[in-house]
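Structure record follows, encoded as structure tokens.
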Amino acid sequence: MVVPAFQFSEDQADAFDRVAEMLRGVGVDIDDALLTPVATGKSSVMAVVGKAGSGKTMLLARLYKALQEAGVDVISGDYEGKRRKDRRTLAILAPTNKAASVLRNRGVPATTIHRILYTPVYDPEYEKIAEWLAGDGEKPEIEDLTEAALDRAFAFYQNNKSIPGALAAAGLKGSDFITGWKRREDPLDIGFIDESSMLDAKQFEDLQEIFPTLILFGDPAQLAPVNQSGSMVFDSIKGPRKLTLSRIHRQDTDNPILDLAHALSDDTLTFEGFEKLVQAAAERDGRVIWAQRVEADLMARSPVLVWRNVTRVRLIQAFRGAYDAPEHELLEGEPLICDGIELPLKHRKKRLDLEARGLIKGAQVIYLGAGRKPGFSRLHVMGAEDPQVSAASIVKIEKPDEEEPFIPFAANMGATFLHGAAVTIHKAQGSQWENVQVFAPDLYAAARAGRSEAGVPLWKRLAYVAITRAEERLYWVVRNRLAKPSHTLRIDDLRAKQVPLELIGETAID
């Protein structure tokens, strides 16, 4: 296959061709844009790995477009039509909403792993609307909806291919359309998994049960999942099934943040030497800032990245103090991080519902205020396609030198949250923010500790992951100080994405 030089680097072109060869073996010819008979019983896994800036996302996007042109249906998690015998399917997945949103911002219809592992149960009457909007049925007649409401849904869908958004425009709640969630029963065909360095062994097994053909995209320089001995799921893939992208792309050159990330591969580089590189980059380029203090204004939307939990807790307390947050309640606009779901087994359906709404471990949310029921919170899930959620919540605010967290309010059961003004670098993996503050004294402590992961000094892995979270500006914070905020906490920047409270389905726990 001939690929224009301006489009791909040599290693990307080779990877594209090798993926295309694998797909031909399972009945999808992306070179000639056609589908061939399904190769039943055949399964394969391939990995595409490379450091930041090596073009993994560009390659993934081009492969997605080629599969779409070949007639493969893309399953987004937004709405999944009825399965046909001749249909081939592709799902593009990421471990978190934030990671999926990075792909969606580049035109790739990604969703989370949870939204594919668990499938929605649709109300049959309202599913007729979804089929009509997706082009798989005639315009329905719905007793509870006027012609004008259906027209609003249609007009919305023409500009924004979101079934939930279109139904909301017609006046329907999400809970009207999706009545529950269940574990996926029918397999799909092809899965692209971005940020696969975050996958643990169990998630990898679950994905292999669903997808006979899997392509993993990952960065071997990132941090391995906790409790996985420093290894990543693609480490076991060898030979021609593991493709490595090494060239840094033209559009990513002259990027001081990527330059710093790749400088960390120098075996002789010390922490002190790296800080000199950061300082020199800050002197010549405004995208790197040698910061004398943490900026409270930035913490409300992008957490400070730290190594140690004790640092995280102290920065959170400093943040709340800077905004005069009362001890016994949350302020609207405070950031939170989902720490999991606390529900007994009998409430499995409720758990699936919360996870499907984006409240999976590590999800970043903004507190919008109390819900209509005691213990409920209105939340904006960062990076989610349908970000507005009202859910039973348990909020825990940790304090320095205290074993038990302070709980300003809580439902009996539901989604649990920690404060999100600061997070560990491990939790930040897979996310990106326009501005990222890295707390350098913590990385210095990691360097002094002398620890390694998979033969690489831990401080280098931490620094690599932390600085590559920055999309535009990197703040390298060198002093243990906090700058006072310039304005109060806000949620007005989220209002354009808000829907009326009565249209937000609550996940109640009986």
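As a basis for the values below, the full set of heavy atoms in this structure was taken, side chains included, without hydrogen atoms, waters or symmetry mates. Bear in mind the structure is a predicted one, so any value in this text is a computation, not a measurement.
- Put simply, the side chain of Gln317 gets close to the backbone of Glu398: a donor and an acceptor are under 3.5 Å apart.
- Side-chain contact between Met22 and Arg241 is present, with heavy atoms from C-beta onward closer than 4.5 Å.
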Step-by-step side-chain hydrogen bond (donor to acceptor under 3.5 Å, both in side chains) determination, Asn435 to Ser302: CA-CA 7 Å; Asn435 304 294; Ser302 55; 5.7 Å; no

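- In this structure a side-chain-to-backbone donor-acceptor pair under 3.5 Å is missing from Arg320 to Ile316.
- When ring centroids are compared, Phe8 and Phe16 come within the 6.0 Å threshold.
- The shortest side-chain heavy-atom distance between Pro335 and His419 falls under the 4.5 Å cut-off.
- Using cut-offs of 30° and 60° on the angle between ring planes, the pair Phe271 and Tyr444 is tilted.
- Glu334 has its side chain out of reach of Phe417: every pair of non-hydrogen atoms, C-beta onward, lies at least 4.5 Å apart.
- Checked by atom type and distance alone, the side chain of Lys51 never pairs as donor or acceptor with a backbone atom of Ser246 at under 3.5 Å.
- Ring geometry for Phe274 against Trp459 counts as tilted: the plane angle lies between 30° and 60°, on a 0 to 90° scale.
- Under a 3.5 Å cut-off, the side chain of Gln429 and the backbone N or O of Leu223 do form a donor-acceptor pair.
- Side-chain atoms of Gln12 come within 3.5 Å of backbone atoms of Gly55 as a donor-acceptor pair (strictly under, hydrogens ignored).
- Contact check for Leu474 versus Leu260: side-chain heavy atoms found under the 4.5 Å cut-off.
- Interatomic distance, Ile190 CD1 to Leu214 CG, rounded to the nearest 0.5 Å: 10.0 Å.
- Shown here is Glu10, whose CD atom has no more than 12 heavy atoms of other residues, nucleotides or ligands within 6.0 Å.
- Closest of all the heavy-atom pairs between Val477 and Pro441 is O-CD, 3.3 Å.
- For the pair Met46/Ile237, no side-chain contact is recorded, criterion being any heavy-atom separation below 4.5 Å from C-beta on.
- In this structure, NZ in Lys460 is found 12.0 Å from CG in Leu458, a value given to the nearest 0.5 Å.
- Judged purely by atom type and a 3.5 angstrom limit, Glu453 uses its side chain to pair as donor or acceptor with the backbone of Ala224.
- Counting heavy atoms from C-beta outward, Glu434 and Glu471 have side chains that approach closer than 4.5 Å.
- Judged by distance alone, the side chain of Asp442 and the main-chain N or O of Arg308 form a donor-acceptor pair under 3.5 Å.
- Using a 4.5 Å cut-off on side-chain heavy atoms (C-beta onward), Lys427 and Lys361 make contact.
- With hydrogens and angles ignored, the 3.5 Å screen pairs a side-chain donor or acceptor of Lys56 with a backbone N or O of Gly50.
- Atom CD of Glu21 has 12 or fewer heavy atoms from other residues, nucleotides or ligands within 6.0 Å.
- With hydrogens and angles disregarded, no donor-acceptor distance shorter than 3.5 Å links the side chain of Asp339 to the backbone of Leu418.
- Checking side-chain atoms of Ser197 against main-chain N and O of Gly218 turns up no donor-acceptor pair under 3.5 Å.
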